[in-house]
Colleague: 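Below are the structure tokens for one structure; questions will follow.
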2 protein chains.
Amino acid sequence: MNMNDESNDRKINMKMLARELNLSIATVSRALKDSYEVSDQTKARVKEAAARLNYVVNTQASSLRSHKTYTLAIVVPEIGDSFFTQVINGIESVADKKKYRVLICMTHDSYEREMSVINELTNGRVDGVLISVASNTRNGDHFNALKRKGIPIVFFDRDFKEINAASVKTDDFESAYNATCHLLDNGCKKISLITVRGGVSIFSAREEGYRQALIDNHSKPGLPDIIHCANEHSADNIAMIRDHLLKARPDGLLLTVEHLSTDAYTACQLIGLKIPADIKIACFTTQLTAGILNPALTTIQQPAFEMGQKAAELLIEYLTYKYIQLENQHLVLPSKLIIRDSTGLR
Amino acid sequence: MNMNDESNDRKINMKMLARELNLSIATVSRALKDSYEVSDQTKARVKEAAARLNYVVNTQASSLRSHKTYTLAIVVPEIGDSFFTQVINGIESVADKKKYRVLICMTHDSYEREMSVINELTNGRVDGVLISVASNTRNGDHFNALKRKGIPIVFFDRDFKEINAASVKTDDFESAYNATCHLLDNGCKKISLITVRGGVSIFSAREEGYRQALIDNHSKPGLPDIIHCANEHSADNIAMIRDHLLKARPDGLLLTVEHLSTDAYTACQLIGLKIPADIKIACFTTQLTAGILNPALTTIQQPAFEMGQKAAELLIEYLTYKYIQLENQHLVLPSKLIIRDSTGLR
DNA sequence: TTTATCTACGTAAACGTTTACATTTTAAAC
DNA sequence: GTTTAAAATGTAAACGTTTACGTAGATAAA
């Protein structure tokens, strides 16, 4: 007896279903899709048989023929942090409702991998792609290639400005501005921005917001003070932040990426800085644990889940009725500054 | 001019590539797959042309014909928490290396959705599935149906014991046992287990570990004390935990699921219980922020990423060389008890 | 009755690959 | 210069759907 002798169900396809019912396979196909061309009686018979025999349509064949995959690609740098996770949940929640499935692709925040992923997706495997671009993406040719193949793109959070495509973002400039003002209001004299190197627009917008807030508040010379974290290994970031804290001695920190929160807290612990007494910290993050950190972290909370929902709605809307001009859709959702102990007096 | 007039690249397929090169499409196909049947010279020509014309193989057609999709389904309850996120990262890291893509399906921890997802996957859309079962799954018929279609299954973390399939899990009994002992050692007299209702084996294993630790340590009467959280809305969980704290007055808490950490901390805050002075807490979680919580949380840290890697390796190993007996593979990875302030004296 | 319209279904050609099998070309052996 | 084997290529039939087009029968209009 063969070890791998799984007694397979005779794989059931439309042909067999048709034979069973004494119908042509065309009629079966139509019946399953509720076509007006088939009688109610026949539809019922077909559906009954399909259910009884556990028939489920072969998606490869179906989409090969129909050029419709009911699949969306989600391309993200990572799913390690809670932001992208929540966005994905948002996307999935609406995709699922509309009978779409999602293919997750990670770029590991690398331009090269992003190109190769996007290039692969030109083969018609998905109906559209939702993407948050890698932070070192400098060139948008791969996006244009995708568009030329007729595959629509929706950017979320991190878009690529040279490309004309729909986007769903948050108010990066304003929220960075507000957070910086909040730090200043709470007595900070020397606020550093800890951010990430790269051409992604959200980071420059946040940086601009920070700069403008300093300007508008007549900040001391020496500012702005911006350091760029390597973004790869946590240990490297911690070291960089620690060195900066020792050298520049800031009394306020604005962090533009989620995972920097842990790094910054750790760096402060290492050199014995008390938050918020010695230094106040605010961070762009959607981490659920922000409220129970030590101390509770003031956050710029982006509506991650809603962002995913909106992006998916836009894309699916376009895919089902082509009448919206997808490329002109640019949504900006407001973030919320949630003030907690890390910027408080205590 | 048509609004939707995307000047599509003439979609390039093998036929066109073949014509361009004055070759048959069979030879082109073989050349692209590095078949020994085609000369090095021709291979080079074909590959050059493919690259130049941005040809990328149509996966639908390819897998329709070859019955190989190079796609894995990952079926999880949610991806909201860091545990599943890390597992997915682990899976993706090895899948990507082996040229597989991943389709993410969420069950929202519901048996019905799990059935419908698994049922859909019987259509040959994926080569195999990696799954962590919903907590209220009572019946494994859908898994058997999948197996009968010849689609292999690997369970990770939460398996379904009635089904004969590969699994990668952690030492749930032992780690719950050890964590409970740790709480007892640190002076707890009355430890409650906060867990989740459902038939999933990991929860019963953790419960057993907890029970056995109490027995072995001659715990007081009144124990064990176990409450089951609704698992749906955070607010409900917080209320349940708060009520329990007020009524049963435990001095130790063992939490079996990640998202309960925030809920438990919040409940304690609400009624003014100091951690760890009034109550000590340990939790099964892989949250990165555990160390910077207030207070830092003692965790049973599961090797989530490795778990994903192992599960994917097993599955892909089986898919590429069918000679391993997949169903007999049962890996158990050790968790680590990471002791922090939440169970300390302070 | 004839013709037109509508309803319900069937036929067969795609979709873009892979692959068993057949054929040609090249090289080796005689 | 045959014959034989090996190497390189070609032919055509799948894979399981969808869908343009065709058609038979029923009903309505003339």
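Since the structure is predicted, the reported quantities are computational estimates derived from the model, not experimental observations. What you see below is based on every heavy atom in this structure, not just the backbone, and it leaves out hydrogens, waters and symmetry mates. Letters go in sequence order (proteins before strands), and every chain restarts at 1.
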Colleague: How long is the line joining CG of A:Leu21 and P of C:dA8, in whole Å?
Modeller: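 So the two atoms are 17 Å apart, to the nearest Å.
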Colleague: Take atom CG of B:Asn13 and atom C1' of C:dT17, then tell me their distance rounded to the nearest Å.
Modeller: 10 Å
Colleague: Does the gap between the ring centers of A:Phe155 and A:Phe143 come in under 6.0 Å?
Modeller: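 Centroid separation for A:Phe155 and A:Phe143: below 6.0 Å.
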Colleague: Picking from D:dT17, C:dC15, C:dT18, which would you name as closest to the side chain of B:Val57?
Modeller: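 In terms of side-chain proximity for B:Val57, the closest of D:dT17, C:dC15, C:dT18 is C:dT18.
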Colleague: What is the distance, to the nearest angstrom, from the CG atom on A:Leu32 to the P atom on D:dG16?
Modeller: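 Checked: the CG to P distance equals 16 Å.
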Colleague: For A:Met14 and D:dT19, what is the distance between atoms CE and P respectively, to the nearest whole Å?
Modeller: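 Computing the A:Met14:CE to D:dT19:P distance gives 11 Å.
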Colleague: Can you confirm whether B:Tyr70 is buried at OH, in the sense that more than 12 heavy atoms of other residues, nucleotides or ligands lie under 6.0 Å from that atom?
Modeller: no
Colleague: Please determine whether the number of non-hydrogen atoms from other residues, nucleotides or ligands lying under 6.0 Å from atom NZ of A:Lys169 exceeds 12.
Modeller: yes
Colleague: If you take all heavy atoms of A:Thr137 and A:Glu114, which pair is closest and at what distance?
Modeller: OG1-OE2, 2.9 Å
Colleague: After noting the C-alpha distance and the side-chain angles of A:His142 and A:Tyr111, does the key distance pass the ring-ring contact (aromatic ring centres under 6.0 Å, His included) rule?
Modeller: CA-CA 10 Å; A:His142 51 312; A:Tyr111 170 41; 5.7 Å; yes
Colleague: Between C:dT18 atom C1' and B:Gln60 atom CD, what is the distance in whole Å?
Modeller: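 Distance check: B:Gln60 CD to C:dT18 C1' gives 15 Å.
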Colleague: Atom CG of B:Asn58 and atom P of D:dT17: how far apart are they, to the nearest Å?
Modeller: 17 Å
Colleague: With rounding to the nearest 0.5 angstrom, report the CZ to OG distance, A:Arg125 to B:Ser62.
Modeller: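 Interatomic distance, A:Arg125 CZ to B:Ser62 OG, rounded to 0.5 Å: 10.0 Å.
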Colleague: Taking protein heavy atoms under 4.0 Å as touching, what does nucleotides 5-14 of chain D look like 5' to 3' if B marks base contact, S marks sugar-phosphate-only contact and - marks none?
Modeller: ---BBBB-BB
Colleague: Whole angstrom is fine here: how far is it from CG in A:Leu64 over to C1' in C:dT18?
Modeller: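 Taking atom C1' of C:dT18 as the reference, CG of A:Leu64 is at 13 Å.
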Colleague: Heavy atoms only, 4.0 Å cut-off, all strands: where does B:Ser62 land among base, sugar-phosphate and nothing?
Modeller: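 The answer is sugar-phosphate, as B:Ser62 gets under 4.0 Å only of primed atoms, P, OP1 or OP2.
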Colleague: Answer with yes or no whether the side chains of A:Ser39 and A:Thr42 bring together a donor and an acceptor at under 3.5 Å.
Modeller: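 Yes, a side-chain donor-acceptor pair sits under 3.5 Å.
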Colleague: What integer distance in Å separates A:His67:NE2 from D:dT17:C1'?
Modeller: 12 Å
Colleague: Contact class for A:Lys33 vs. all strands (heavy atom < 4.0 Å): base, sugar-phosphate, or nothing?
Modeller: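 Sugar-phosphate, backbone atoms only, no base.
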